[in-house]
Novice: 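Sharing a structure here in structure tokens format.
Just so you know, these numbers come straight off a predicted model, no measurement behind them. Position 1 is the first residue of the sequence, and the numbers go up from there.
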Amino acid sequence: MITRLASVIAGAALTALCVLPAQAKAPADPSALHTDQLRDLFFGEALFQAHQDRYFDAITGLDTELDQFRLLDDPELDPFSLHFGQAAFAVGDLELSYRMHREAGRAMEQVLKGDVPQPIKNEAAYRLAKIHYHKQQFANALHALELIEGRVPERVRPEEQFLRAQVYMQLGRFEEAVALLKALKGEESHSGFVEYNLGIALLKAGETEEGLQELDRLGRGAGTGAAMSALQDKTNLLLGFQLMEAEDYERARTYFDRVQLSGPFSNQALLAAGWVEANAGRYDRALVPWQLLAQRKPTNSAVQEAMLAVPYSYGKLEVHSTAAVNYGQALDLFGSQVDVLTQSINSIREGKLLEALRRKEARQVKNWVVELRKLPDAPETHYLLELMASNDYQEFLRNYQDLNDLLERNEDWLQSLDAFEEIIALRRSYYEPILPALDVQFRQIDARIKMRLEQRQRLAARIDNLLVNRRPELLAKSDETESRLILEQIREILDYNPSLKSEETEARIARLEGVLKFHLSREFDHRLTEAFKRLQELDVVIATLQETYQRYVRSRQAATHSYEGYTDQIVSLRAGLNRAQRRIDQLMARQGRMLEQLAINELDQRRAQLESYQIKARFALADSFDRANELQEQRADARKVEAYQQQFEQAKPAANDANGEALPVDNPPELEAPQQQGNKVEGAGDE
């Protein structure tokens, strides 16, 4: 797209004030996607699309409206002029929301270089810093923030301060971040997040106790809602791990206990709570959270670790048989999950993951990945929830989905071009056979209209001449004109035959001519007035005729233009769309390979981890079996010794026989065998 804000904000946001009516006011915040008085429906449609997070539709709508507005001869007559400055600035916001960072960045830089008011420059600098922050260019983000002079608009002031604090934290300037975050405490729009970042900044700045206190207050109550509950659990989990590293297990257990059992951090909290008890030597108490965790989804890494931690605790409690049973269950689970991972990797390599990402559910159904895992033929989504929740993967995923959306839109547009060509062909087949006959009739009517117009002009000229040169005979009626012509013929006859002349005949002819002239002279003024009125009525009829004529001309032109002149444009648009499709195919292939590789790497790591768990479980299982067998042998030997002692006690009263000889009291052979064997070994060694 063409950069807009450089040419728009310098002229449009201010020029719009010049074209507004006297009673209208410019919007207080030209960059906000909000207006109190909506006057233009097309601008309203773009705002609607933006608030529905359909930024591509909003951008294309605003671009089209802005381009058409700039081509108007009298733009101040268009209601869009009331929103022109706001719309021009909003396009940059929409491009930023659509992650068009490069385009939005160029536009913001042009604003900073333009001759615009400082508040608009400040907001542009803030948005440019936001672009750099999203691209992880923290030094550039700080440089953009340093371009701000004075205060940014109140609407974005908290966001600007919070962004500045985040940039400071990324650059290691924690003391400055602490100062900013303390000033932002109490800001409702960032409630909870300011406190969390403040606690982290204090810990990084060396203020450990104050940071722990800040996080402790947040962990006790971050607010209502799912997001705040998750933030509270994350805070408590962070505090617990922090205290575990400091070997303060009693306090760490308190924070792990605060984490909700149904929250997104519950698995990690249960695992950590068990290790807190295990590190304190209370393995029986560690079994409680670990056994609860082991019953959850087996694809979670914390659950898999708990499958090993449970028999480990039983081993520490000298319950080796139960430990062996649990190690065996863990081995079975790890083996099945390794198979699932292998199947998932193969499924991804077959392209099923990308096929799932292209589904409509990926953009329409909330938690669609979780729902997709319920399908029996979709192993490609196992183990990928944590990966898909990461920022990098989400960025790649949104890019891929946007490319897929553009691909589908281009396909629809190509089909629309085919439909346009079909419509044009239908119009051509309808109009071309009938237009020649209509043209013949039109030329005939056109000739008649021209003739009547010439007659009207002659009549108008004659009437205008009568105002200067009084000639009543020109306004005579048909019977009067006929009488005048008859009298002229009679005079011609008398002049041709003088014998027919007489005084009486001359007198009668003169009398008739005088009566006729008198009548015409007397009626001249009235008839001249009537002639003017009839001429005006004729003008109305002629105007209607000319309007009809012009409508026919326009209809004739519209009929021709409805199918003429579109071929070159359609060919050009189709070529451009085909080029765009090829480009999008290449980008989608690259982005898809990146997504697949990230997923495969993640699954390979999880599979390698499970395989290492399998090795540990096998050794632990063998050790548990050995210990259990040894313990059973010890218990069997103890029972034999106990039985022998009981027999000895029972035989003790009859220790001497009748002859006074002592009974043998030697140990049974099975009890002396180990010692004898040992003596033999020692004797062999001595030899």
Novice: At their closest point, which heavy atom of Ser562 faces which heavy atom of Arg427, and how far apart are they?
Specialist: O-NH1, 3.2 Å
Novice: Please give me the minimum heavy-atom distance between Ala580 and Asn410, naming the atom from each residue.
Specialist: CB-ND2, 3.7 Å
Novice: Could you measure the distance from the CG atom of Leu516 to the CD1 atom of Ile486? Nearest 0.5 Å is fine.
Specialist: 10.5 Å
Novice: Take atom CD of Glu422 as the centre, draw a 6.0 Å sphere, and report whether it contains more than 12 heavy atoms from other residues, nucleotides or ligands.
Specialist: no
Novice: What are the two closest heavy atoms between Tyr55 and Ala50, and how far apart are they?
Specialist: CE2-O, 3.7 Å
Novice: Answer with yes or no after comparing the ring centroid distance for Phe420 and Tyr566 against a 6.0 Å cut-off, counting only values under it.
Specialist: no
Novice: Which atom pair, heavy atoms only, marks the closest approach of Tyr400 to Met588?
Specialist: CE1-O, 3.5 Å
Novice: Whether the Gln401 and Asp405 side chains hold a donor-acceptor pair (N or O, under 3.5 Å, no angle test) is what I'd like checked.
Specialist: no
Novice: Would you say the side chains of Arg551 and Ser555 form a donor-acceptor pair under 3.5 Å?
Specialist: no
Novice: Once you measure the plane-to-plane angle for Phe442 and Tyr549, does it fall in the parallel (<30°), tilted (30-60°) or perpendicular (>60°) bin?
Specialist: parallel
Novice: Do Phe48 and Phe43 have their ring centres less than 6.0 Å from each other?
Specialist: no
Novice: Do Thr481 and Ser478 have side-chain atoms, one donor and one acceptor, less than 3.5 Å apart?
Specialist: no
